[in-house]
Amino acid sequence: MLRYRLLLLLLLGALILPPVTAAAAEAIDNDVLTREDGSARQLRIFREALLQGSTEDIRVDAALGLLLNRDQASREVLISSLHLPDNPAAARAVFKALLKTRSGEMNVDSPDLFLEPMLKVLTGSNASLARDAAEAMLVFEFDALSEHFYTLALDPSLDRRARQTVIYGLQIRPEPEAINLLIRLIDKSDPAVAQTAQAALQEVFGVPAGTHAEAWQQMLKDLRQKSPDELRRERLLRQEMKLRQMQAERDRWQQLYLGALDKQYDGADEASRTALILDRLGSELEPVRLWALDKIDRYPSNGQSAMREKLLALLSDESRWIRLKTARVLNMMSALNPAEKLLQRWRVEQDTEVALAMFEALGEACFFAFSPGSNIELPEAIKLETLEIAEGYLNAGDGEIAKKGAEIVRKLLELGGLPEEQATHFLELLAARYEVSGTLALRADILGMMARLCDDGAQRERAAVLYRPYFEQAIGVLDNPPERLAAARGLSTLDKGLALGLFHEHELMRSNSATLRLLVIEAAEEAGQPRDLEWLADYLAANSHAESAAEAFRAICRRAEAQVVWQWADTLDKAGTHGSLVRELLELAEQKAAADENEQLLADIRIRLAQWFVRRDAAEQLADYIQRLDADDQVFTFPEATAARVLESLLAAQLIEQAAVLLFMCQGGGGQYVQCLAHLDAFFASETVENETKQDLLAELAQGEDGTNVRFWAGKVDIWRSQVSDQPDAEEAAEEPELEAAQEAT
């Protein structure tokens with residue numbers, strides 16, 4: 001199966017291969033290709049792919065295919081490719097293929113055939129290819145290499161670089177014999193060889209320079225007790241430890257440098273900060289570019305427009321982290337008009353996470369550009385392509401990705417500007433995704449977006465018709481509260497009356513969700529009936545819903561009859577709570593009763609309203625209320641007990657004019673109002689009330705002495721006048737003792 005897979009890959013790769021160069025064609029003996037059967041054609045394909053494959057993977061697969069053939073012709077193609085000075089890529093592919101045979105189930109037949117040409121490459125002029133050859137020689141047993149390596153390392157005819165590569169070939173070997181050979185090379189007179197061998201041993205074991213030979217011999221003795229696998233594990237652990245140390249050192253210096261940048265940034269003014277960010281966005285160091293992007297993300301600068309070109313260029317950065325961060329920054333900077341560049345980069349981005357971030361920024365950029373009032377002009381085609389991309393994400397299996405696709409679809413649908421057919425397609429697309437949502441969270445999220453489309457935007461009418469059945473069905477969902485909440489919002493948007501009916505049916509006013517209860521209260525405010533006052537009353541004292549419940553209570557009462565309003569005002573008043581609401585309801589009931597000409601109800605309401613002012617010591621408001629009643633064309637008289645309490649409150653506040661108005665109203669009742677007269681007697685006899693205030697009241701009362709009915713205070717006015725004339729003013733009374741004392745002293 002592996003052979004057929006390789007052949008298929010190479011056939012596809014060969015379709016795009018350029019012609020084989022003349023040098024390569026002459027270098028390989030074409031006699032091995034004279035056969036015309038299927039194996040010859042396969043061999044020809046492998047050869048062409050090895051020599052001229054468009055990618056390294058194709059060339060390596062071709063080399064593996066030739067190794068699997070295990071015939072003389074294939075071996076000659078492979079060995080000949082190692083002698084091509086103008087095609088190092090072919091030799092490198094053979095070396096990598098040989099290495100792959102070490103970890104797989106394949107065995108290389110006659111590996112000795114490759115030894116001589118590989119040794120030539122090892123000491124050749126191409127340093128990179130020489131290291132590849134050294135690594136590929138791991139397919140050989142060390143016994144076959146030891147003498148060659150030792151001789152080459154000491155060969156004075158070879159340049160220093162070639163001998164260093166030979167020592168590298170020894171360094172990567174796991175056998176103790178290779179380590180022994182390196183130790184032997186330390187003692188040689190050639191300083192270059194000795195220095196390179198010692199460096200190789202330090203790299204392998206971490207032993208300090210200058211370690212004496214006896215220590216190396218003891219180490220070699222210990223190594224011989226271990227297997228090659230054990231040696232490989234120890235070397236790997238040592239390399240990992242060294243790598244961690246290097247990374248820690250790198251991170252320390254990086255933090256120091258970035259900390260210095262932070263201090264420089266914090267101490268700079270706005271213009272200097274912008275210049276600093278612009279400069280660091282072009283840094284060769286990835287952490288510094290990330291630092292600059294982070295500053296833009298957290299502390300947007302006034303120089304955003306100057307950053308546009310730099311940010312758009314970073315979308316093509318070689319680092320995925322830079323591209324990812326840049327996309328997220330642009331997601332918050334749609335005013336820079338990055339849509340076209342984002343779309344261009346999204347088309348070629350291979351990293352799925354980065355592509356998703358670019359798509360989110362693209363969606364935001366389109367939403368910003370096509371929103372009313374935007375001065376950015378984009379082709380409609382970009383918006384349509386963005387919607388098509390969003391459709392793909394919406395239908396993704398991952399819920400979070402699908403949510404992001406749905407969100408962009410919702411935003412662009414709200415803007416309008418789409419043909420009816422396309423708008424309907426994307427509206428239906430959201431509904432279809434909701435129906436097959438794999439998670440409860442995604443169902444709730446998408447239904448919430450459907451509710452928003454019904455509330456605002458260009459598609460609300462179409463959305464209302466299409467989505468209403470989904471809301472009606474989901475309002476009964478019990479195992480997914482967020483989905484139920486989204487359904488409630490959708491229904492409230494469509495029709496408050498319909499919504500309230502379904503809320504009652506499913507008893508949502510008793511829900512544990514405060515947000516859901518608030519939606520029910522808001523629906524009741526617009527469409528509630530008197531029967532809703534019963535459950536609303538329970539929320540009037542609730543801290544979380546008191547204000548909303550009171551507003552809904554008022555709205556329903558404004559639509560209700562006078563008797564209903566009066567009864568609820570009376571109920572709340574007797575409960576001793578909701579004082580201001582009680583007053584509003586009493587005044588509303590008064591207006592309704594007056595409009596209905598319901599005299600008995602109107603009298604009861606006025607009495608209760610006056611009593612309300614008295615109980616709350618609201619003398620000023622009580623005075624205004626008495627004045628308003630006096631201005632009313634209808635005759636109204638308080639009962640004696642109520643009138644007495646009102647008079648007492650007005651007199652205590654020295655609201656003389658309103659007290660007189662009340663007395664004239666009571667006079668019209670025809671009775672003596674004994675309790676009111678008692679309050680008047682006490683008022684005129686009081687030593688704490690100034691004479692001027694008493695005289696003001698007498699002056700007001702005198703206006704009614706010529707009236708037809710003065711029975712209320714008949715015979716009392718003269719007595720009160722005499723009391724007032726006999727009493728000195730409070731200031732005069734205070735001055736008399738001082739005057740007497742002065743006279744006695746004289």
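For clarity, every value in this text was computed on a predicted model and none was experimentally measured. Note that the numbering runs from 1 along the sequence shown for the chain.
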Evaluate L98 against V94 for side-chain contact (heavy atoms from CB on, under 4.5 Å), listing each step before the verdict.
CA-CA 6 Å; L98 286 170; V94 175; 4.2 Å; yes

Can you give me the closest heavy-atom contact between [X] and [Y], atom names plus distance?
X    : Y    : answer
A97  : V60  : CB-O, 4.1 Å
A390 : V409 : CB-CG2, 3.6 Å
A546 : L540 : CB-O, 3.2 Å
L51  : A90  : CD2-CB, 4.2 Å
P88  : L129 : O-CD1, 3.8 Å
A396 : A402 : O-CB, 3.9 Å

Could you check whether atom [atom1] of [X] has more than 12 heavy atoms from other residues, nucleotides or ligands sitting under 6.0 Å from it?
X    : atom1 : answer
E421 : CD    : no
N512 : CG    : no
E380 : CD    : yes
W535 : CH2   : yes

Got [X] and [Y] here, is their nearest side-chain heavy-atom distance under 4.5 Å?
X    : Y    : value
Y467 : L494 : no
M509 : D532 : no
I408 : I389 : no
E505 : L502 : yes
L315 : M358 : yes
F471 : L447 : yes
W291 : D294 : no
R443 : V477 : no

Starting from the C-alpha separation in whole Å, work towards a yes-or-no answer on salt bridge (charged side-chain N to carboxylate O under 4.0 Å, His left out) for R410 and E407.
CA-CA 5 Å; R410 177 195 66 78; E407 185 64 18; 2.5 Å; yes

Before giving the answer on side-chain contact (heavy atoms from CB on, under 4.5 Å), spell out for L418 and L412 the whole-Å C-alpha distance, their side-chain angles and the decisive distance to 0.1 Å.
CA-CA 9 Å; L418 293 173; L412 297 184; 5.9 Å; no

Name every donor-acceptor pair, under 3.5 Å, that has one atom in a side chain of residues 334-344 and the other anywhere in the protein, sequence neighbours excluded.
from: S334; atom 1: OG; to: E364; atom 2: O; distance (Å): 3.4

With rounding to the nearest 0.5 angstrom, report the [atom1] to [atom2] distance, [X] to [Y].
X    : Y    : atom1 : atom2 : result
C366 : K411 : SG    : NZ    : 11.5 Å
L330 : M307 : CG    : CE    : 11.5 Å
I277 : L293 : CD1   : CG    : 9.5 Å
R280 : L278 : CZ    : CG    : 11.0 Å
L508 : I521 : CG    : CD1   : 11.5 Å
L491 : K496 : CG    : NZ    : 10.5 Å

Could you check whether any side-chain N or O of [X] sits under 3.5 Å from a backbone N or O of [Y], counting only pairs where one atom can act as donor and the other as acceptor?
X    : Y    : value
D132 : R92  : no
Q350 : V348 : yes
R289 : L281 : no
R433 : L394 : yes
S374 : F370 : no
D279 : L276 : no

By salt bridge (charged side-chain N to carboxylate O under 4.0 Å, His left out) - contacts of [X] (at least two apart):
X    : answer
D251 : none
E249 : R252
R468 : E472

ring-ring contact (aromatic ring centres under 6.0 Å, His included) partners for F359, two or more places apart
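With neighbours one apart ignored, the set is Y393.
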
Return the set of residues passing side-chain contact (heavy atoms from CB on, under 4.5 Å) with K403 (not counting sequence neighbours), or none when no residue passes.
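By the side-chain contact (heavy atoms from CB on, under 4.5 Å) rule, K403 matches E400, L442, D445, M449.
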
Please lay out, stage by stage, how E56 and R59 fare under the test salt bridge (charged side-chain N to carboxylate O under 4.0 Å, His left out).
CA-CA 5 Å; E56 182 178 271; R59 290 191 293 270; 5.1 Å; no

Let me know which of L261, D262, D266 forms a side chain to side chain contact (heavy atoms under 4.5 Å, CB included) with Q264.
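Looking at L261, D262, D266, the match for Q264 under the side chain to side chain contact (heavy atoms under 4.5 Å, CB included) is L261.
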
Determine, step by step, whether R452 and T493 satisfy the side-chain contact (heavy atoms from CB on, under 4.5 Å) criterion, reporting the C-alpha distance in whole Å, the side-chain angles of both residues, the deciding distance to 0.1 Å, and the verdict.
CA-CA 8 Å; R452 287 193 60 175; T493 298; over 6 Å; no

Does [X] have any side chain to side chain donor-acceptor pair (under 3.5 Å) partners at least two apart in sequence or in another chain, and if so, which?
X    : result
N480 : E483
D455 : none
R554 : E551, E584

Atom pairs and distances, donor-acceptor, side-chain atoms in residues 422-430, under 3.5 Å, two or more places apart:
from: T424; atom 1: OG1; to: E420; atom 2: O; distance (Å): 2.9
from: H425; atom 1: NE2; to: E391; atom 2: OE1; distance (Å): 3.4

Steps toward side-chain contact (heavy atoms from CB on, under 4.5 Å) verdict (S548, Y539):
CA-CA 9 Å; S548 300; Y539 291 110; over 6 Å; no

Salt bridge (Lys or Arg N to Asp or Glu O under 4.0 Å) contacts in which one or both residues fall within residues 508-523, not counting sequence neighbours
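Pairs touching residues 508-523 that pass the test: R510-D538.
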
Going by the salt bridge (Lys or Arg N to Asp or Glu O under 4.0 Å) test, which pairs reach into residues 345-363, not counting sequence neighbours?
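Every salt bridge (Lys or Arg N to Asp or Glu O under 4.0 Å) pair that includes a residue of residues 345-363, provided the two are not neighbours, is R320-D351, R320-E353, R323-E349, R328-E353, R345-E349, R347-E385, E360-K404.
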
